[in-house]
S.K.: 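Quick one: this structure, given as structure tokens, is what I'll be asking you about.
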Amino acid sequence: MIITIFDRLFELYSLAIVAFVLMSWFPGAYQTKLGQFLGRICQPYLGFFERFIPPLGGISFAPIVALVALQFIKYGFDVVLVLLLNLFMIFF
């Protein structure tokens, strides 16, 4: 139950990142309310990767690396949660 909730939150954030990146294809999309909201929640995370991964030929691969990293974080988080829940079941 708890793991499912966190998995859905990670999926929702991944979807928000994809939507934010796709908005770059449409002029003025970042100035909408949705664009501003997605910018506030996605830009800090994506900005971390954009500092280390420069665009190649005008195309940024930082969002792809960010999504892959988010999946690794999700799997690591799942493992830690399962271990903690198993420990909790053993002692209680």
S.K.: Mind checking whether Leu83 and Phe88 sit in one hydrophobic cluster, side chains of I, L, V, M, F, W, Y counted as touching below 4.5 Å?
M.R.: no
S.K.: Which heavy atom in Ser14 sits nearest to a heavy atom in Leu70, and how many Å separate them?
M.R.: OG-CD2, 3.2 Å
S.K.: If a pair satisfies ring-ring contact (aromatic ring centres under 6.0 Å, His included) and one of its residues is in residues 21-40, list it, with sequence neighbours excluded.
M.R.: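 For residues 21-40, and leaving out neighbouring residues, the ring-ring contact (aromatic ring centres under 6.0 Å, His included) pairs sorted by first residue read Phe20-Tyr30.
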S.K.: Of all heavy-atom pairs between Pro63 and Leu46, which one has the smallest distance, and what is that distance?
M.R.: CA-CD2, 3.9 Å
S.K.: Under 4.5 Å between side-chain heavy atoms, hopping through other hydrophobics if needed: is there a path connecting Phe72 to Phe77?
M.R.: no
S.K.: Distance from Leu81 atom CG to Asn86 atom CG, nearest 0.5 Å?
M.R.: 10.5 Å
S.K.: At what distance, to the nearest 0.5 angstrom, does CG of Leu67 lie from NZ of Lys74?
M.R.: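 Reported value, rounded in 0.5 Å steps: 12.0 Å.
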S.K.: With side chains defined as the heavy atoms from C-beta onward, is the minimum distance between Gln31 and Met23 less than 4.5 Å?
M.R.: no
S.K.: Let me check something: do Ile3 and Tyr75 share a hydrophobic cluster, defined by ILVMFWY side-chain heavy atoms less than 4.5 Å apart, either directly or through other members?
M.R.: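 No, Ile3 and Tyr75 fall in different hydrophobic clusters.
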S.K.: Do Phe48 and Ile41 share a hydrophobic cluster (ILVMFWY, side-chain heavy atoms under 4.5 Å, transitive)?
M.R.: yes
S.K.: Under 6.0 Å from the CZ atom of Phe52, do we count more than 12 heavy atoms belonging to anything else shown?
M.R.: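 Enclosed.
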S.K.: Determine the minimum heavy-atom distance between Pro44 and Gly39, stating which atoms define it.
M.R.: CD-O, 3.8 Å
S.K.: If hydrophobic clusters are built from ILVMFWY residues whose side chains come within less than 4.5 Å, do Ile73 and Ile2 share one?
M.R.: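 Ile73 clusters together with Ile2.
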S.K.: Out of curiosity, Ile17 CD1 to Leu22 CG, how far, rounded to the nearest 0.5 Å?
M.R.: 12.0 Å
S.K.: Would you confirm whether Tyr45, through its side chain, and Tyr13, through its main-chain N or O, come within 3.5 Å as a donor-acceptor pair?
M.R.: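 Side chain of Tyr45 to backbone of Tyr13, a donor-acceptor pair under 3.5 Å: no, none is there.
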S.K.: Can you tell me how far CD1 of Ile90 sits from CG of Leu85, rounded to the nearest 0.5 angstrom?
M.R.: 11.0 Å
